[in-house]
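The structure under discussion appears below in the form of C-alpha cells.
Because the structure is predicted, anything quoted here is derived from the model rather than measured. Note that these values count all heavy atoms, side chains included, but never hydrogens, waters or copies made by symmetry.
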Amino acid sequence: QEVLVESGGGLVQAGDSLRLSCAASGRSLFNYVMGWFRQAPGKEREFVAAVAWVGGSTDYGDSVKGRFTISRDNAKNTVYLQMNSLKTEDTAVYYCAGRYGNMVLRAVDYVDWGQGTQVTVSS
C-alpha cells in the first residue's frame, strides 16, 4: 500500500492551464503505475491518464488527449498532470491512484487512492 496525496486543484477559466501533483510514499515504486481519474457529479469515475514508473509508458483518456500531459519525477516519487486548454467539461474531482502491476484503465483495478482535489473550470 502507498499513501497518495494530491494537490494543485482550483478554480480557473476556460482556456487556462493547471498542474496537479500527486506525491507517493517513500517506498520503491518499481513496477508501480500511477494514474489520474476524475468524477463529475452524476457521472462515473473516468480514466484520465496513467504512467508506468519504470519505463515511462503513458496512456490517456480520449477526452483529454492532446491537452493533458502526465509525467513523473522519480527522485520525488511524484506524478504530475499538466492540464492545458481547460474546458468547462473538465470540471470534476480529480483523484490520484496507484497499483503495482500492469497499466490498466479501470478504477476498480487501482488499490491506492488519494483524497481528491477539485478542479472547476468556469466559462
Side-chain angles (χ1 to χ4, degrees):
Q1 182 180 353
E2 301 289 340
V3 177
L4 307 178
V5 180
E6 305 105 323
S7 63
L11 174 64
V12 298
Q13 294 183 335
D16 285 351
S17 297
L18 200 62
R19 189 183 73 165
L20 306 182
S21 300
C22 178
S25 302
R27 303 176 184 271
S28 173
L29 298 181
F30 186 76
N31 287 338
Y32 200 63
V33 174
M34 295 181 68
W36 290 94
F37 293 81
R38 66 187 183 185
Q39 188 165 21
K43 295 185 177 181
E44 295 184 346
R45 193 159 295 188
E46 175 190 16
F47 173 76
V48 176
V51 60
W53 208 252
V54 177
S57 298
T58 60
D59 205 350
Y60 295 91
D62 290 340
S63 63
V64 305
K65 288 180 179 178
R67 298 188 298 120
F68 292 8
T69 302
I70 189 170
S71 62
R72 77 215 194 281
D73 187 331
N74 291 5
K76 297 180 179 180
N77 284 353
T78 299
V79 65
Y80 304 95
L81 184 68
Q82 179 66 44
M83 304 183 292
N84 297 328
S85 301
L86 283 163
K87 306 174 181 179
T88 56
E89 49 262 47
D90 295 318
T91 296
V93 177
Y94 284 70
Y95 297 91
C96 180
R99 70 187 300 270
Y100 285 98
N102 297 330
M103 181 180 297
V104 295
L105 309 183
R106 299 195 310 167
V108 295
D109 292 325
Y110 286 77
V111 297
D112 302 328
W113 289 88
Q115 80 286 354
T117 184
Q118 177 70 45
V119 173
T120 302
V121 184
S122 65
S123 60

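- No side-chain heavy atom of Glu2 sits less than 4.5 Å from a side-chain heavy atom of Met34.
- By the 4.5 Å heavy-atom criterion applied to side chains, Arg38 and Ser63 are counted as neighbours.
- Linking ILVMFWY side-chain heavy atoms closer than 4.5 Å, directly or via other members, places Tyr100 and Val51 in a single hydrophobic cluster.
- Taking the charged nitrogens against the carboxylate oxygens, Asp62 and Lys65 do have a contact shorter than 4.0 Å, which makes a salt bridge.
- To the nearest 0.5 Å, atoms OG (Ser123) and NZ (Lys87) are separated by 14.0 Å.
- Contact check for Tyr95 versus Val48: no side-chain heavy atoms found under the 4.5 Å cut-off.
- Going from atom CZ of Phe68 over to atom OG1 of Thr58 covers 14.5 Å, rounded to the nearest 0.5 Å.
- Nearest heavy-atom pair, Trp36 versus Cys22, reported as atom, atom and distance to 0.1 Å: CZ2-CB, 3.6 Å.
- In this structure, Val33 and Asn102 have side chains that are not in contact, with every pair of non-hydrogen atoms separated by 4.5 Å or more.
- Arg99 places a side-chain N or O within 3.5 Å of a backbone atom of Asp109 that can act as its donor or acceptor partner.
- The line from OH of Tyr94 to OG of Ser7 is 15.0 Å long, rounded to the nearest 0.5 Å.
- In plain terms, the two heavy atoms of Phe30 and Val54 that are nearest each other are CD1-CG2, 3.5 Å.
- The neighbour count for Glu89 CD, taken as heavy atoms of other residues, nucleotides or ligands under 6.0 Å away, is above 12.
- Looking at Glu6, its side chain does come within 3.5 Å of a backbone N or O of Gln115 through a donor-acceptor pair.
- In plain terms, the two heavy atoms of Arg45 and Ala107 that are nearest each other are CD-CB, 4.3 Å.
- When all heavy atoms of Ala92 and Ala40 are compared, the pair lying nearest together is CB-N, 3.9 Å.
- Considering every non-hydrogen atom in both Gly9 and Leu20, the closest pair reads N-CD2, 3.6 Å.
- With rounding to the nearest 0.5 Å, the separation of CD1 in Ile70 from CG in Asp59 is 9.5 Å.
- Cluster membership check: Val64 shares its hydrophobic cluster with Val12, using side-chain heavy-atom separations under 4.5 Å among Ile, Leu, Val, Met, Phe, Trp and Tyr.
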Query - Tyr110/Val104 under side-chain contact (heavy atoms from CB on, under 4.5 Å): CA gap, chis, key distance, verdict - result: CA-CA 8 Å; Tyr110 286 77; Val104 295; 3.6 Å; yes
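- A pairwise comparison of heavy atoms in Val93 and Gly116 identifies CG1-CA, 3.9 Å as the closest pair.
- Hydrophobic clustering of Ile, Leu, Val, Met, Phe, Trp and Tyr side chains at less than 4.5 Å, counting indirect connections, unites Trp53 with Leu81.
- A tilted orientation is assigned to the rings of Phe37 and Trp113, their planes being inclined by 30° to 60°.
- For the pair Asp90 and Met83, the minimum side-chain heavy-atom distance is 4.5 Å or more.
- Side-chain contact between Thr69 and Tyr60: present, with at least one pair of heavy atoms (C-beta onward) separated by less than 4.5 Å.
- Between the side chain of Asn77 and the backbone N or O of Ser25, at least one donor-acceptor pair lies under 3.5 Å.
- Checking Thr91, Leu18, Leu11 one by one against Val121, the side-chain contact (heavy atoms from CB on, under 4.5 Å) holds for a single residue, Thr91.
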